[in-house]
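Keep in mind that this is a model prediction, so the values were computed, not measured.
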Amino acid sequence: MLLSVLSWLCSSLLLSVSGGKLPEAEVQIEVLHKPFLCHRKSKYGDILLVHHEGYLENGTLIHSSRSHGDKQAVWFTLGIREVIKGWDKGLQDMCSGEKRKLIVPPALAYGKEGKGKIPPESTLTFIIEVLEIRNGPRSHESFQEMDLNDDWKLSRNEVKEYLRKEFERHGYPANDTLHENMVADIFAKEDENKDGVISSREFTYKHDEL
């Protein structure tokens with residue numbers, strides 16, 4: 001249920017704050033293969049199925065979904081930090097069947113701490129193939145969790161309070177300015193009749209672009 005709401009929130013979140021953030025490191029993207037036909041492109045909030053290989057700068061293979069573990073492709077939701085930031089940035093606007101090479105700087109990977117066999121301050125290279133793209137789900141249960149006064153409408157304050165709690169739950173400090181920007185963008189996109197609230201229908205309805 002949490003992923004359902006965060007998928008919706010983050011599709012607006014990352015667009016709303018992109019102009020207000022300090023410049024940060026970028027992912028180098030090389031398209032290795034792109035299918036001739038592309039029926040949809042990945043965006044924040046989508047659920048992706050991918051195969052991937054990861055390498056250190058010296059070429060050492062650190063993980064391969066095809067040969068390590070259960071040798072299965074991996075599902076994750078784009079844009080909600082289920083994966084490293086470099087993936088969230090580098091896997092936007094991809095087609096099913098597309099393959100990319102991402103060179104991810106430390107700030108968008110595992111930073112100063114590193115992780116497991118990945119040393120601190122490592123620049124990583126990933127070869128990633130998107131096998132499938134699915135819509136991120138929404139649910140009445142998610143809506144009810146956000147609807148604090150049970151009036152079947154989400155006010156700006158209710159959405160902002162939910163954002164604050166979710167940031168704290170995931171270990172990120174609350175940021176009023178950031179949350180206000182997120183709320184403004186969410187309402188611009190989701191409040192279809194512009195009445196100042198998001199109804200249950202507006203929240204759960206499956207838009208074509210979602």
S.K.: Taking all atoms of both residues into account, what is the closest heavy-atom pair of A107 and K85, and its distance?
M.R.: O-CD, 4.5 Å
S.K.: Taking a hydrophobic cluster as the set of Ile, Leu, Val, Met, Phe, Trp and Tyr residues connected by side-chain heavy atoms closer than 4.5 Å, whether directly or through intermediates, do F126 and V83 fall within one such cluster?
M.R.: yes
S.K.: Consider side chain to side chain donor-acceptor pair (under 3.5 Å). Of Q92, R40, R134, K41, which one does D46 pass it with?
M.R.: R40
S.K.: Please check: side-chain N/O of S42 versus main-chain N/O of M94, any donor-acceptor pairing under 3.5 Å?
M.R.: yes
S.K.: Among K71, E129, H52, Q72, find the residue that satisfies the side-chain contact (heavy atoms from CB on, under 4.5 Å) test when tested with R66.
M.R.: E129
S.K.: Once you round to the nearest 0.5 Å, how far does CG of N193 lie from OG of S199?
M.R.: 6.5 Å
S.K.: Taking all non-hydrogen atoms of both residues, which atom of K34 and which atom of C95 are closest, and how far apart?
M.R.: CE-SG, 3.9 Å
S.K.: How close do V197 and D191 get, counting heavy atoms only, and between which atoms?
M.R.: O-OD1, 2.9 Å
S.K.: Would you mind checking if E180 and K160 are paired as a salt bridge, meaning a charged N to carboxylate O distance below 4.0 Å?
M.R.: yes
S.K.: Among the clusters formed by ILVMFWY side chains lying less than 4.5 Å apart, do M146 and F187 turn up in the same one?
M.R.: yes
S.K.: Side chains of L148 and Y162, heavy atoms from C-beta outward: is any pair under 4.5 Å?
M.R.: no
S.K.: Are any non-hydrogen side-chain atoms of E30 and L102 less than 4.5 angstrom apart?
M.R.: no
S.K.: Just how far is it from atom SG of C38 to atom CG of D93, taken to the nearest 0.5 Å?
M.R.: 9.0 Å
S.K.: Do I127 and L49 belong together in a cluster built from hydrophobic side chains that touch within less than 4.5 Å?
M.R.: no
S.K.: Is a side-chain N or O of E158 found less than 3.5 angstrom from the main chain of S155, in a donor-acceptor match?
M.R.: yes
S.K.: List the steps and the verdict of side chain to side chain contact (heavy atoms under 4.5 Å, CB included) for M182 and L163.
M.R.: CA-CA 9 Å; M182 291 168 62; L163 291 172; 3.3 Å; yes
S.K.: Should V159 and L178 be regarded as members of a common hydrophobic cluster, given that ILVMFWY residues are connected when their side-chain heavy atoms come within less than 4.5 Å of each other, either directly or indirectly?
M.R.: yes
S.K.: Before giving the answer on side chain to side chain contact (heavy atoms under 4.5 Å, CB included), spell out for I29 and K101 the whole-Å C-alpha distance, their side-chain angles and the decisive distance to 0.1 Å.
M.R.: CA-CA 6 Å; I29 300 172; K101 176 180 178 180; over 6 Å; no
S.K.: Can you name the nearest heavy-atom pair linking S122 to A109, along with the distance?
M.R.: O-CB, 4.4 Å
S.K.: Looking only at atom types and distance, does a side-chain atom of K89 sit under 3.5 Å from a main-chain N or O of V104, one as donor and one as acceptor?
M.R.: no
S.K.: In the structure I gave you, are the side-chain heavy atoms of P35 and E98 within less than 4.5 Å of one another anywhere?
M.R.: yes
S.K.: P105 and T123: which non-hydrogen atoms are nearest, and at how many Å?
M.R.: CA-OG1, 4.1 Å
S.K.: Show your working on side chain to side chain contact (heavy atoms under 4.5 Å, CB included) between I62 and L124 and close with a plain yes or no.
M.R.: CA-CA 9 Å; I62 53 177; L124 304 176; 4.1 Å; yes
S.K.: Any side-chain donor paired with an acceptor under 3.5 Å for T60 and N58?
M.R.: yes
S.K.: If you round to the nearest 0.5 Å, how far is NE2 of H39 from CG of L37?
M.R.: 5.0 Å
S.K.: Going from CD on E57 to OG1 on T125, what distance comes out if it is rounded to the nearest 0.5 angstrom?
M.R.: 7.5 Å
S.K.: Check the hydrophobic clustering (I, L, V, M, F, W, Y; side-chain heavy atoms under 4.5 Å; chains of links allowed) and say if I47 and L131 are grouped together.
M.R.: yes
S.K.: Report the distance from atom CG of L48 to atom OG1 of T77, rounding to the nearest 0.5 Å.
M.R.: 8.0 Å
S.K.: Assess whether side chain to side chain contact (heavy atoms under 4.5 Å, CB included) is satisfied between E26 and Q28, documenting all intermediate values.
M.R.: CA-CA 6 Å; E26 293 297 328; Q28 296 180 46; over 6 Å; no
S.K.: Output yes when E113 and K115 qualify as a salt bridge under the 4.0 Å nitrogen-oxygen rule, no when they do not.
M.R.: no
S.K.: Taking NZ, NE, NH1 and NH2 as the nitrogens, is one of them in E161 or R164 under 4.0 Å from a carboxylate oxygen of the other?
M.R.: yes
S.K.: Enter the distance from T177:OG1 to N175:CG here, rounded to the nearest 0.5 Å.
M.R.: 5.5 Å
S.K.: For W152 and D147, which heavy atoms make the closest approach, and how far apart are they?
M.R.: N-OD2, 2.7 Å
S.K.: Could you check whether the rings of W87 and F76 sit parallel, tilted or perpendicular, using 30° and 60° as the cut-offs?
M.R.: tilted
